[in-house]
Visitor: 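Could you have a look at this structure, given as structure tokens, before my questions?
Every chain is numbered from 1, with letters handed out A, B, ... down the list of sequences.
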2 protein chains.
Amino acid sequence: MTKQRAAVSAVLDRVDDFRSAQQLHDELRTGGDSIGLATVYRTLQALSDSGDVDVLRTEDGENLFRRCQRSEHHHHLVCRTCGRTVEIDGPTVEAWAESIGAAHGFVDIEHTIEIFGTCESCATTR
Amino acid sequence: MTKQRAAVSAVLDRVDDFRSAQQLHDELRTGGDSIGLATVYRTLQALSDSGDVDVLRTEDGENLFRRCQRSEHHHHLVCRTCGRTVEIDGPTVEAWAESIGAAHGFVDIEHTIEIFGTCESCATTR
DNA sequence: ACCTTCTTGACACTGATTATCATTTAGCGG
DNA sequence: CCGCTAAATGATAATCAGTGTCAAGAAGGT
């Protein structure tokens, strides 16, 4: 593995909320790492393909990345103000989605679920 | 109401699966309606704000639109091959999402849920 | 018909992401 | 260590959905 990939991996380890590719690129550059934007994108792509980072799409179409704790299928509860993220494991919904699909004759069911809210500290600060 | 908005509304009535803004624009032009792309976007934006159309984000970041049957909060079961869409009403998940959020001290909970699958006819044709 | 206001539409622009391609590096056999 | 080859990198150009701009056009009341 190249030093660039190691660097990307390292930043992802340092933060625990979702960051955009460009934010990560800035942080790397600021931290003294010499790395191109394209490489950051490529690395994040690879990490997401291998299931090592989670991808979140904001409403304005930007992709945010975050190292994920668990590799199994899971969802996120994200604070819309500070970005704090809790990984959610929801057997209930998994089963629900599956049964809904089956009830309508659909197969190969997949689903996307994201939960947004305002976390406790952001709610009180406001 | 202008004739352009009426035209957009009319196409949306004619189809019942998700279409992109540009697809709708093409169909309007082909159908003889003179309308600008910007107007299509503006109209769709307005319709989605007023809850008259549903918006779906594809994985490559494109917005798809569809006239929705029910105005209340609901989700979609979409065939990934033909685009056939079933509107889903899920009190179970609504409650689930709410309780998950509350359990972690989050307030103002929102969620996005989409279910994808292959519908019966597409599964057999394949 | 007149005036005021909102809408339209051609086109320029944005901003994230991807493609290009020449240069550099990693990893390996010798 | 030394080269060698395939893969990775990075500066920059290209892409593409969507939005802003602004002059010209329609709406609708008087």
Visitor: Side chain of A:Glu62: nearest nucleotide among C:dA26, C:dT17, D:dG10?
Guide: C:dT17

Visitor: Taking 4.0 Å as the cut-off, does a side-chain nitrogen or oxygen of A:Tyr41 come that near to OP1 or OP2 on C:dT18?
Guide: no

Visitor: Looking at B:Arg67 and B:Asp13, does any basic side-chain N land under 4.0 Å from a carboxylate oxygen?
Guide: yes

Visitor: Tell me: CG of A:Leu37 to P of C:dT20, nearest whole Å?
Guide: 17 Å

Visitor: Is there a side-chain polar atom (N or O) of B:Arg42 under 4.0 Å from OP1 or OP2 of C:dT7?
Guide: no

Visitor: Is the distance from OP1 or OP2 of D:dA17 to the nearest side-chain N or O of B:Asn63 less than 4.0 Å?
Guide: no

Visitor: What is the separation between atom CD on A:Gln45 and atom C1' on C:dA16, rounded to the nearest whole Å?
Guide: 13 Å

Visitor: Whole Å only: how far is the CZ atom of B:Arg57 from the C1' atom of D:dA17?
Guide: 10 Å

Visitor: Phosphate oxygens OP1/OP2 of C:dA26: is one of them under 4.0 Å from a side-chain N or O of A:Arg5?
Guide: no

Visitor: Could you please name the option among C:dT17, C:dT8, C:dC11 that lies closest to any side-chain atom of B:Ala38?
Guide: C:dC11

Visitor: Classify B:Ser20 by what it touches in the nucleic acid, base, sugar-phosphate, or nothing, heavy-atom distance under 4.0 Å.
Guide: nothing

Visitor: Under 4.0 Å between a side-chain N/O of A:Gln22 and OP1 or OP2 of C:dG15, yes or no?
Guide: no

Visitor: Could you tell me how far apart B:Leu64 (CG) and D:dA17 (C1') are, to the nearest whole angstrom?
Guide: 12 Å

Visitor: Given B:His25, which of B:Ile35, B:Val8, B:Asp33 fulfils the side-chain contact (heavy atoms from CB on, under 4.5 Å) condition?
Guide: B:Ile35

Visitor: Between C:dG9, D:dG10, C:dA10, which one does the side chain of B:Thr39 approach most closely?
Guide: C:dG9

Visitor: Assign B:Ile35 to base, sugar-phosphate, or nothing according to its heavy-atom contacts below 4.0 angstrom with the strands shown.
Guide: sugar-phosphate

Visitor: Using whole Å, report how far CG of B:Leu44 lies from P of D:dG18.
Guide: 9 Å

Visitor: Can you see whether A:His75 engages A:Glu114 through a side-chain donor-acceptor pair at a distance of less than 3.5 angstrom?
Guide: no

Visitor: Is any side-chain nitrogen or oxygen of A:Thr2 closer than 4.0 Å to OP1 or OP2 of C:dA26?
Guide: no

Visitor: Ignoring hydrogens and angles, state whether a donor on the side chain of A:Arg84 or A:Ser121 is under 3.5 Å from an acceptor on the partner side chain.
Guide: no

Visitor: Rounded to whole angstrom units, what separation is found between the CG atom of A:Leu28 and the C1' atom of D:dG10?
Guide: 14 Å

Visitor: Rounded to the Å, how far apart are B:Gln23 CD and D:dA17 P?
Guide: 11 Å

Visitor: Grab the NE2-P distance between B:His25 and C:dC11 for me, whole Å please.
Guide: 12 Å

Visitor: With respect to the phosphate group of C:dA26, does any side-chain polar atom (N or O) of A:Lys3 fall under 4.0 Å of OP1 or OP2?
Guide: yes

Visitor: Is a donor from one side chain sitting under 3.5 angstrom from an acceptor on the other, for B:His74 and B:Gln69?
Guide: no

Visitor: Does D:dG10 have its OP1 or OP2 closer than 4.0 Å to a side-chain nitrogen or oxygen of A:Gln4?
Guide: yes

Visitor: Starting from A:Leu56, can I reach A:Leu24 by hopping between I/L/V/M/F/W/Y residues whose side chains sit under 4.5 Å apart?
Guide: no

